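Scroll down for the structure; my scribbles are underneath it.
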Amino acid sequence: MAHSAVSQVSVAVPVGSDLSIRRSIFKPHTLSFCGTLWAPILTLDLSTKNARSKYRYTICMSVQQANAPKVSVSPLQLEDAKEPPLNTFKPKEPYTATIVSVERLVGPKAPGEVCHVVIDHGGNVPYWEGQSYGVIPPGENPKKPGSPHNVRLYSIASTRYGDSFDGRTASLCVRRALYYDPEKGKEDPSKSGVCSNFLCNAKPGDKVQITGPSGKIMLLPEDDPNATHIMIATGTGIAPFRGYLRRMFMESVPKYKFGGLAWLFLGVANSDSLLYDDEFSKYLRDHPDNFRYDTALSREQKNKNGGKMYVQDKIEDYSDEIFKLLDGGAHIYFCGLKGMMPGIQGTLKRVAEERGVSWEEKLSQLKKNKQWHVEVY
Ligand code: FAD
C-alpha cells in the first residue's frame, strides 16, 4: 500500500516558466511511508483543463527524489572553471539571441508590470548565477543619431543551466518602465522605458542583442557550500536570488551540494506583486532546515509603528539573528532599487548601535571579509 502511494506521487517536476499553470496543476500533498512523514511534494494533476499540451513538463519518477525533489542536470564545463565568464560579447559585437517566452509574473492588483523573459543564447553566452546580461534594444539612440541605443543591464534570474536545464537559456526579470506625467495625471507613452518595454512586448522568436555576462560582486561563494546567505531584494532585485535558490534547491549538480542556510527577504507592494512565490514556497516545504523566506508587503502590512512594512522593518524584526549570523561569517546580499539602501543601512546602523557595535567598523569588516554584496540600480 505504501509502495503504491510512492509510485503515485514521487514525481520530480522541472517546473516550466508559466506560473499560472504551475499554480493550477500542481497540488501539494503530504504522505507517510514506512512510518515517516514525508515532506510535501507536488503531484501533477493532468485532469485539469490547464494541462495543455503546449506546456512540456519532464516528469521523472524516483523514490529518492520524493523527499526533496530535484532536477538532475548534466554538469556544464562551467562547473570546472575557476573564474566566471566575463564580457564574452561586448556592445560593439553583441550576440544575437532569440526570445523563447515572455510571461507576466504579477497578479492584476500589482502596481505596474514585471515580466519573466526567457532568452535562448544557444549555449554561446554562458554565465554564473549572480551575473548580468546587457541588452541593446533595437532602434536608434535619440541622443546619438545613427548609433544604436546604449546597453541596459539586467540581472540574470536563472542558474547557469537556464529554466530548461540545458545551459542554452537565460531568464531575466524585467519591470516595464512607464512614465506617469504628474501634471496630466496619466501615462505618457512617449517617455516609456525603451528596453524594458521592448523586452516585455517581445514575442517568441524575436531577436535580441545581448552583451556580457558581467559582474562579479553577486557571485555565490561556491567553495563553501555550507555558507549562510542572507538575501535582501526589492522588486526585480529578486532576479539573482531566484538563480541562487534554483541552484541550491531545484537542481541536483554533483559539484554543488548546498548544505547551508539561505534566508530571503523580499519587499514588494502587495501579495499580487510577489515574484516567484511558488518556487520559494516549495523550497520552504521541501527544505525547511536550509531555507527561510520573509516578505514585506508595503501596501498590505504594517510595521510595528503602524507605518508601511518595508524590508528594513523585517530586517529589524530579526536583527538579533541577522547580526549573529553575520558575526558567524554569513554573506549578505542586496539587490533592487537604489532607494532601498539608505533605509536598510539606517536600520542596520541603529541596531548595531543598540548592541554597542560601531556600524562603520562592522561594515568595513564585512566588506573586507567579502561578506557584503550590493547590486542596486
Ligand atoms: P529608459 O528608456 O532608459 O528610461 C529610463 C527611465 O526614464 C524610465 O523610467 C522612463 O520611463 C523614464 N523616461 C524616459 N524618457 C523620459 C523623459 N523624457 N522624462 C522623464 N522620464 C523619462 N531592471 C529590471 O527591470 N530588472 C533587472 O533585473 C535589472 N537589473 C539591473 C542590474 C544592473 C546592474 C543595473 C545597473 C540595472 C538593472 N536594471 C534592471 C535596470 C535596467 O538596466 C534599466 O535601467 C531599466 O529597465 C530601464 O531601462 P529602459 O530602457 O526601459 O528605460
Side-chain angles (χ1 to χ4, degrees), residues 17 84 86-87 91 94 99 102-106 110-119 127-144 147-159 162-163 169-202 208-219 231-246 264 266-269 273-276 333-341 373-377:
S17 59
L86 271 182
N87 301 315
I99 299 285
V102 177
E103 177 206 352
R104 184 184 160 100
L105 282 175
V106 293
E113 185 173 28
V114 179
C115 296
H116 185 72
V117 181
V118 181
I119 295 173
Y127 56 88
W128 282 8
E129 299 73 24
Q131 291 194 291
S132 301
Y133 268 176
V135 175
I136 306 175
E140 195 179 81
N141 186 341
K143 288 186 187 148
K144 282 192 220 150
S147 301
H149 281 290
N150 292 337
V151 171
R152 269 72 163 177
L153 291 177
Y154 293 92
S155 310
I156 298 173
S158 47
T159 70
D163 289 0
T169 69
S171 304
L172 308 179
C173 176
V174 182
R175 166 168 286 276
R176 186 192 284 279
L178 299 175
Y179 182 81
Y180 285 92
D181 189 324
E183 279 168 19
K184 294 188 190 135
K186 60 176 186 180
E187 196 195 314
D188 179 348
S190 70
K191 296 179 182 171
S192 295
V194 175
C195 194
S196 57
N197 281 273
F198 160 68
L199 289 168
C200 291
N201 292 338
V208 52
Q209 306 279 314
I210 58 174
T211 65
S214 62
K216 284 175 95 173
I217 190 81
M218 297 292 280
L219 298 177
M231 299 164 276
I232 298 161
T234 56
T236 56
I238 196 64
F241 307 137
R242 178 184 184 255
Y244 297 177
L245 294 168
R246 284 173 77 94
L264 172 65
L266 171 60
V268 290
S273 312
L274 284 168
L275 299 167
Y276 309 110
Y333 309 80
F334 303 87
C335 192
L337 290 180
K338 266 196 191 90
M340 71 191 271
M341 288 312 286
H373 313 260
V374 182
E375 186 157 272
V376 290
Y377 40 87

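We count ligands from 1, going down the list as the structure has it; atoms in each ligand are counted the same way. Computed from a predicted structure; not experimentally measured.
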Please report the closest heavy-atom contact between [X] and [Y], naming both atoms and the distance.
X: Arg152; Y: Val194; answer: NH2-CB, 3.9 Å
X: Asp163; Y: Ser171; answer: OD2-OG, 3.0 Å
X: Ile156; Y: Ala170; answer: CG2-CB, 4.2 Å

Considering heavy atoms of the protein only, find what lies nearest to [atom] and give residue, atom and distance to 0.1 Å.
atom: atom 39 (N) of ligand 1; value: Leu153 O, 3.2 Å
atom: atom 28 (O) of ligand 1; value: Ser155 N, 3.3 Å
atom: atom 45 (O) of ligand 1; value: Arg152 CG, 4.3 Å
atom: atom 4 (O) of ligand 1; value: Gly193 CA, 4.0 Å
atom: atom 9 (O) of ligand 1; value: Ala177 CB, 3.6 Å
atom: atom 46 (C) of ligand 1; value: Tyr154 OH, 3.8 Å

Nitrogen or oxygen atoms of [X] and ligand 1 under 3.5 Å apart:
X: Ala239; result: no
X: Ser196; result: yes
X: Glu375; result: no
X: Arg175; result: yes
X: Ser132; result: no

Check each of Glu187, Lys191, Arg176 against atom 15 (N) of ligand 1 and report the one with the nearest heavy atom.
Lys191
If you compare Val194, Val174, Val135 by their heavy atoms, the one closest to atom 50 (P) of ligand 1 turns out to be Val194
Any side-chain to backbone donor/acceptor pair from [X] onto [Y]? Under 3.5 Å, distance only.
X: Arg176; Y: Glu113; value: no
X: Tyr127; Y: Thr159; value: yes
X: Arg246; Y: Tyr244; value: no
X: Thr234; Y: Gly336; value: no

Mark whether atom 35 (C) of ligand 1 lies under 4.0 angstrom from at least one protein heavy atom.
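Protein heavy atom within 4.0 Å of atom 35 (C) of ligand 1: present.
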Just to confirm, does any protein heavy atom lie below 4.0 Å from atom 6 (C) of ligand 1?
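Under 4.0 Å from atom 6 (C) of ligand 1, zero protein heavy atoms found.
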Could you tell me the separation between the CD atom of Glu187 and the OG atom of Ser192, rounded to the nearest 0.5 Å?
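The CD atom of Glu187 sits 5.0 Å away from the OG atom of Ser192.
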What's the separation between atom CD1 in Ile217 and atom SG in Cys335, rounded to the nearest 0.5 Å?
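Reported to 0.5 Å precision, the distance equals 11.5 Å.
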Is any side-chain heavy atom of Glu129 less than 4.5 Å from a side-chain heavy atom of Pro240?
no
Between Tyr377 and ligand 1, which residue portion shows a heavy-atom distance shorter than 4.0 Å: side chain, backbone, both, or neither?
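Side chain only.
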Under 4.0 Å between heavy atoms, the region of Cys173 that gets near ligand 1 turns out to be backbone
Which word best sums up how the rings of Tyr333 and Phe241 line up, parallel for under 30°, tilted for 30 to 60°, or perpendicular for over 60°?
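Perpendicular, since the angle between the ring planes exceeds 60°.
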Ligand-side contact atoms (ligand 1) for residue partner Tyr179, heavy atom cut-off under 4.0 Å
11 (O), 20 (C), 21 (N)
